[in-house]
Structures are given as structure tokens and as C-alpha cells.
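Notes to accompany the following structure.
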There are 2 protein chains.
Amino acid sequence: MDKEFFLDRPTITAYKHNFRTLLAVDSIIFGFDNEELKLLIIKRDYEPELGSWSLMGGFMLEEETLEEAANRVLYNLTGLHDVYMEQIQVFSKPDRDPVERTVSVPFYSLINIEEHDKELLKHHSASWFPLKKVPKLIFDHNDIVNAAIKQLRYKTSIQPIGFELLPEKFTMRQLQKLYEAILDIELDKRNFSKKIRQLDILVKLDEKDMSSSKKGSFLYMFDKRKYKEKVADGFIFKL
Amino acid sequence: MDKEFFLDRPTITAYKHNFRTLLAVDSIIFGFDNEELKLLIIKRDYEPELGSWSLMGGFMLEEETLEEAANRVLYNLTGLHDVYMEQIQVFSKPDRDPVERTVSVPFYSLINIEEHDKELLKHHSASWFPLKKVPKLIFDHNDIVNAAIKQLRYKTSIQPIGFELLPEKFTMRQLQKLYEAILDIELDKRNFSKKIRQLDILVKLDEKDMSSSKKGSFLYMFDKRKYKEKVADGFIFKL
DNA sequence: ACAAAAGTGTTCAGGTTACACCCATGA
DNA sequence: TCATGGGTGTAACCTGAACACTTTTGT
């Protein structure tokens with residue numbers, strides 16, 4: 001029994017003798033260019049690993065939550081607020097950051113690839129990479145990206161997210177391409193549009209987008225109110 | 001532009017000036033007694049909140065990962081190793097712990113309610129509570145428990161977990177009751193056993209359990225190899 | 001012989017999949 | 001007039017849901 005009692009000590013020790021760690025948020029930012037999914041990463045202009053590709057990240061401040069920190073980091077890079085964001089598994093190997101132990105809480109976000117501040121991106125030497133061409137990133141950032149992709153696919157296959165990656169008005173075909181890009185599969189256009197229309201979260205507009213074909217294709221908007229109702233009802237959608 | 005550059009500072013500052021936080025793991029331990037789902041909590045024997053009900057927890061040590069810390073905490077309370085464990089959302093409100101800022105990474109585990117070290121439980125003044133009768137816990141621990149229940153239900157509804165909560169040999173009826181307890185719904189025994197048998201992850205034994213009826217009911221075991229294969233294939237199961 | 005739980009099969013409805021042709025238009 | 005992408009319906013199949021009776025055996 002003594003063994004357990006010994007191991008137990010740290011959990012009942014007064015707070016002050018315990019280890020305190022740096023806590024970072026890392027931002028996995030996905031965008032869509034109507035063809036494929038892309039990831040936004042930066043070229044570090046500070047040590048360690050100056051000049052290497054990296055996720056955008058930042059340390060959690062004393063007075064903010066992790067969610068606030070993640071929003072701050074995303075805002076710093078893109079100028080965007082109120083973006084879809086989801087936390088994934090924490091990365092906590094003691095030696096993952098060579099400078100000092102840093103635990104990373106990653107958040108992935110979905111943004112419209114057209115709607116961000118390009119000056120800020122330039123300032124951070126940030127670039128978009130197709131998912132299949134993401135270079136070697138610092139530390140364990142490639143693992144983090146892979147975990148985020150996995151989580152995004154999983155979520156997308158059971159809940160209608162992904163609208164955040166499109167412009168406000170979009171065609172059925174764009175939406176289908178988005179799902180195909182996220183899930184990395186091909187879908188039948190008849191079945192896809194039937195399914196999506198059944199969800200009753202889109203509004204069909206009278207306008208057409210004439211850029212993709214001679215005939216033009218109808219534009220849709222996404223009915224935020226209905227969408228939120230459904231998600232709140234714990235609604236599950238299977239593609 | 002200056003605003004962004006100012007906000008940006010913390011993310012590019014050298015490590016040393018940044019805030020370091022206490023990082024805790026909290027353990028949400030679920031057990032099943034053949035009737036209902038229960039939660040294991042402890043009566044704190046240290047300040048703050050001495051005497052209050054609380055999740056078992058502990059601070060992450062300098063040389064361990066969060067997963068190791070979670071295993072250590074669980075081991076300290078139950079004497080168990082190699083238990084199913086899953087991380088849920090991090091809780092990081094700056095004032096959630098009144099003594100000092102502590103970020104909590106909660107892990108829930110599923111254990112067989114018969115197979116743990118009862119001496120250790122007594123030592124920690126720990127008790128099992130039915131989910132619907134969990135008392136007020138310290139800090140935001142009730143929120144953490146609710147998040148864990150939600151996650152457990154979600155997981156259970158799409159993947160065959162939950163076997164961890166049963167003894168090695170169990171009856172179809174016990175398994176059904178477990179699912180009913182986790183999902184808080186009633187299931188049809190014909191459809192349930194058909195579905196489970198289709199999954200092809202159980203082995204039917206020749207033995208019967210005679211304790212529950214005159215006729216006796218067949219015992220099953222869970223085929224770990226097949227189960228692991230299925231889960232690795234990203235297999236989704238909908239009850 | 002009866003009470004108590006175990007065990008099993010069929011039918012029906014709804015959803016998912018596979019599949020092919022016509023439409024509108026600009027060039 | 002033709003080439004390009006847009007738009008739609010139907011039949012076969014599969015899965016999930018609802019539902020009731022027989023079996024075993026201890027008392």
C-alpha cells in the first residue's frame with residue numbers, strides 16, 4: 001500500500017510546490033479555394049527554428065481563457081473575428097518544444113479563403129498550402145495538423161459544418177466540391193443535392209452564378225437560424 | 001495596423017516573459033453496477049474546499065505527459081492500469097480555481113465497478129454516485145462531469161465502447177442494460193441482440209449465467225482482436 | 001402447473017445507392 | 001449547332017423499427 005501512498009503525494013500537496021508550464025494555443029486554419037482544402041502556415045521570424053514553417057500560435061495570457069487566446073491568435077494572423085473554431089486533443093510531450101516545456105492546445109478554424117487580411121498574412125510570411133503538400137513543420141506541428149484533419153473529417157461526416165469555408169452565396173456544385181475536398185471522396189451530384197435540400201438549411205436564391213458555365217448555376221445561401229436550431233437539437237447528419 | 005501589431009506581441013516574445021500556469025488533470029470515472037451508470041468522486045481531505053465532493057485530480061508533473069498524469073491519478077484512486085480513457089475539452093476560465101489559476105484537462109475513464117481496490121477508495125473517502133444523484137462538486141467540476149457524460153453518450157452511440165464497464169464474461173441482457181444506462185433510453189432486446197451479433201465482436205460461450213433466471217442466459221466475451229481491427233478501420237456503429 | 005426471464009424471426013417503412021437523360025446558353 | 005456544365009427522377013436494395021410467442025427450469 002505504501003507505494004500508492006507515495007505516488008499519491010503530488011495530488012494532495014499544497015499548490016505552491018507544483019510545476020507550472022507554458023501553455024500555448026496553436027491555430028490550424030483551413031481554407032477552401034473551390035478546388036481543394038488548404039492550410040495556412042507561417043514562416044517563423046523568431047527563434048527557435050527561425051525561417052521554418054510552423055502553425056500560427058501564441059502563449060495563453062494570465063487573464064484569458066484558451067478560447068480567447070485562440071481567437072486572439074487567429075485575429076492576429078487573419079484579422080477575422082467570430083470564426084468557427086474547435087479544440088482538439090492537447091499535445092503534451094515534455095520535450096516537444098526544445099526551448100522549454102510547452103503544452104499545446106490546438107484549435108482548428110475554418111475560414112473563407114478570400115476573406116482575410118492579406119497584408120497581415122504578408123507581414124507574417126504566411127502561405128496557403130494544399131493539404132497534400134504541407135511541408136515539414138516545426139516540433140510536432142505535422143502531427144497536430146493530421147489530428148485536426150482527422151477531426152474535421154469526422155465532424156463533417158456527421159454534422160453540416162463546412163459552410164464557413166464558402167462565400168456567402170455559393171452554388172450546389174461548390175458545396176459538393178467542398179465536401180469532396182474535406183472527406184477526400186467523390187459524391188454523386190444527384191444524391192448530394194437531394195440530401196442537402198432535405199436538410200432544409202439552405203435558401204435557394206433567384207440569382208445565378210454565370211462564371212462556371214454557359215447555363216449558369218443557381219446560388220444558395222445558408223439559413224443560419226434553421227442551421228443553429230438543428231445543431232442545437234443534437235441533429236446528426238450522415239452523408 | 002498598429003493595433004494588430006500590438007496584440008501580436010505576446011506571440012513573438014521570447015519565452016521567458018510569458019505566463020506559466022498550473023496544469024491539472026481531473027478524472028471522471030464511470031462505473032456500471034448492472035443497473036445504472038455511476039460516477040466515482042472523492043471527499044477532499046485538503047484545502048481549499050476540505051470536505052467537499054470533488055473529482056479525483058492531480059497536477060501534471062514536469063516530466064510526464066497529460067496522459068501519464070491521468071493514468072497516475074486513476075491508479076492512485078483505483079489501483080487500476082490500462083483503462084479506457086479519453087480526453088475531453090479543456091477548462092480554462094482564469095478564476096475557476098480560487099487559489100491560483102489552474103487549467104484543467106479532464107479525462108474520463110470507464111471501469112468495471114467490481115474490479116478496483118476498495119481500500120484505496122476508502123483511503124480517499126471516495127464514493128460511487130448514480131449519475132442522476134451526483135452532489136454539488138467543487139469549482140466547475142459539475143460542468144466537467146456533464147461534458148464527460150455528453151461525450152460518453154456521443155461516443156457510445158457511434159462506436160462500440162462500453163465493454164470496459166462489464167466483467168469479462170457477461171450476458172446479452174447486461175450489455176443491453178449498459179447501453180440503456182449510458183444512452184438513457186430503452187432498447188428492444190430482439191433488435192439489440194441482432195445488431196450486436198452482426199457487429200461480430202462477441203464470442204458466445206457455452207457457459208450460462210444462472211443467477212438471473214431459472215433458464216439461465218448465455219455468457220459472452222468480447223473478441224478484443226476483432227474489436228481492435230474494426231475500430232482501427234474507423235468503423236462507425238449506429239445503435 | 002406456473003412464474004420468470006431467455007431467446008428468436010418477420011414484416012413494413014424509410015432511407016441510401018446507383019444510374020442517364022434533357023436543358024440552357026455562349027461560342 | 002455543338003460543347004459544356006446544370007439540373008432532375010426512379011427503381012432496387014438495405015437498414016432500422018415495430019412487434020409476440022415459445023422455451024427452459026426452479027419452485
Side-chain angles (χ1 to χ4, degrees), chain A residues 33-35 156-160 166-167 169-181 183-221 230 233-239, chain B residues 33-35 153 156-160 166-167 169-181 183-221 230 234-239:
Chain A
D33 67 357
N34 286 334
E35 282 304 324
T156 307
S157 70
I158 54 173
Q159 259 187 40
L166 293 171
K169 301 173 179 180
F170 51 86
T171 67
M172 197 52 92
R173 194 75 193 135
Q174 276 178 291
L175 184 59
Q176 184 180 339
K177 284 215 168 152
L178 171 59
Y179 270 89
E180 290 179 336
L183 301 175
D184 201 21
I185 53 176
E186 301 220 325
L187 298 166
D188 179 276
K189 66 177 174 173
R190 286 162 293 193
N191 294 336
F192 181 79
S193 80
K194 202 189 306 168
K195 183 66 144 286
I196 297 292
R197 277 186 274 114
Q198 275 172 9
L199 293 180
D200 191 32
I201 52 174
L202 292 190
V203 185
K204 187 174 188 171
L205 305 177
D206 285 328
E207 286 173 77
K208 282 190 161 190
D209 166 50
M210 301 306 294
S211 66
S212 64
S213 75
K214 333 260 158 133
K215 186 178 176 182
S217 57
F218 281 107
L219 288 164
Y220 290 82
M221 280 178 61
K230 306 240 165 182
D233 289 351
F235 158 80
I236 286 192
F237 147 86
K238 184 156 170 327
L239 199 67
Chain B
D33 65 357
N34 285 333
E35 281 303 324
R153 288 203 173 126
T156 307
S157 71
I158 54 174
Q159 258 188 41
L166 293 171
K169 300 173 180 181
F170 51 86
T171 66
M172 197 52 89
R173 192 79 193 133
Q174 277 177 291
L175 184 59
Q176 185 181 338
K177 284 215 169 152
L178 171 60
Y179 272 89
E180 290 179 335
L183 301 175
D184 199 23
I185 53 177
E186 300 221 325
L187 298 167
D188 179 276
K189 66 177 174 173
R190 287 162 292 189
N191 293 338
F192 182 79
S193 80
K194 203 189 305 170
K195 182 66 142 287
I196 296 292
R197 277 185 276 113
Q198 275 173 7
L199 293 180
D200 192 33
I201 51 174
L202 292 190
V203 185
K204 186 173 188 171
L205 305 176
D206 285 329
E207 287 174 78
K208 282 190 161 191
D209 167 50
M210 301 306 294
S211 66
S212 64
S213 75
K214 332 258 157 136
K215 188 179 176 183
S217 58
F218 281 106
L219 288 164
Y220 290 81
M221 279 177 61
K230 306 240 164 186
F235 158 79
I236 285 193
F237 147 86
K238 181 154 174 328
L239 200 67

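Order of the sequence lines fixes the chain letters, A, B, ..., with proteins taken first and strands second; residue numbering starts at 1 for each chain. Values below: every heavy atom of this structure, side chains too, minus hydrogens, waters and symmetry copies.
Atom CD of Glu180(A) and atom NZ of Lys189(A) lie 11.5 Å apart (nearest 0.5 Å). Here the OG1 atom belonging to Thr156(B) is positioned 8.0 Å from the CG atom belonging to Leu178(B), to the nearest 0.5 angstrom. Atom CZ of residue Phe218(A) and atom CG of residue Asp209(A) lie 12.0 Å apart, to the nearest 0.5 angstrom. With rounding to the nearest 0.5 Å, the separation of NZ in Lys177(B) from CG in Asp33(B) is 10.0 Å. In this structure, Gln174(B) CD and Lys169(B) NZ are separated by 12.5 Å, a value rounded to the nearest 0.5 Å.
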Could you run down the sub-3.5 Å N/O contacts of the protein with nucleotides 14-18 of chain D?
{"from": "dA18(D)", "atom 1": "N7", "to": "Asn191(B)", "atom 2": "ND2", "distance (Å)": "2.9"}
{"from": "dA18(D)", "atom 1": "N6", "to": "Asn191(B)", "atom 2": "OD1", "distance (Å)": "3.1"}

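Rounded to whole angstrom, the span from the CG atom of Asn34(B) across to the P atom of dA5(C) amounts to 15 Å. Taking atom OH of Tyr220(A) as the reference point, atom P of dG6(D) lies 12 Å away to the nearest angstrom. When rounded to the nearest whole Å, the span between NZ of Lys189(B) and C1' of dC21(D) equals 10 Å. Rounded to whole angstrom, the span from the CG atom of Leu205(B) across to the P atom of dG7(C) amounts to 12 Å. If you take CD of Glu186(A) and C1' of dA18(C), they are 15 Å apart, rounded to a whole angstrom.
Residues from residues 208-219 of chain B lying near DNA chain D, meaning a heavy-atom separation below 4.0 Å, are Lys214(B), Lys215(B) in numerical order. Within residues 171-179 of chain B, no residue has a heavy atom under 4.0 Å from DNA chain D.
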- Starting from the C-alpha separation in whole Å, work towards a yes-or-no answer on side-chain contact (heavy atoms from CB on, under 4.5 Å) for Gln198(B) and Lys194(B). CA-CA 6 Å; Gln198(B) 275 173 7; Lys194(B) 203 189 305 170; 4.3 Å; yes
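When side chains are defined from C-beta on, Thr171(A) does not count as touching Ser212(A), because their heavy atoms never get closer than 4.5 Å. Counting heavy atoms from C-beta outward, Leu202(A) and Phe170(A) have side chains that approach closer than 4.5 Å. Contact check for Gln176(B) versus Ile196(B): no side-chain heavy atoms found under the 4.5 Å cut-off. At least one side-chain heavy atom of Tyr220(B) sits under 4.5 Å from a side-chain heavy atom of Met172(B).
Remark: the backbone N or O of Pro160(A) is not paired with any side-chain donor or acceptor of Lys230(A) at under 3.5 angstrom.
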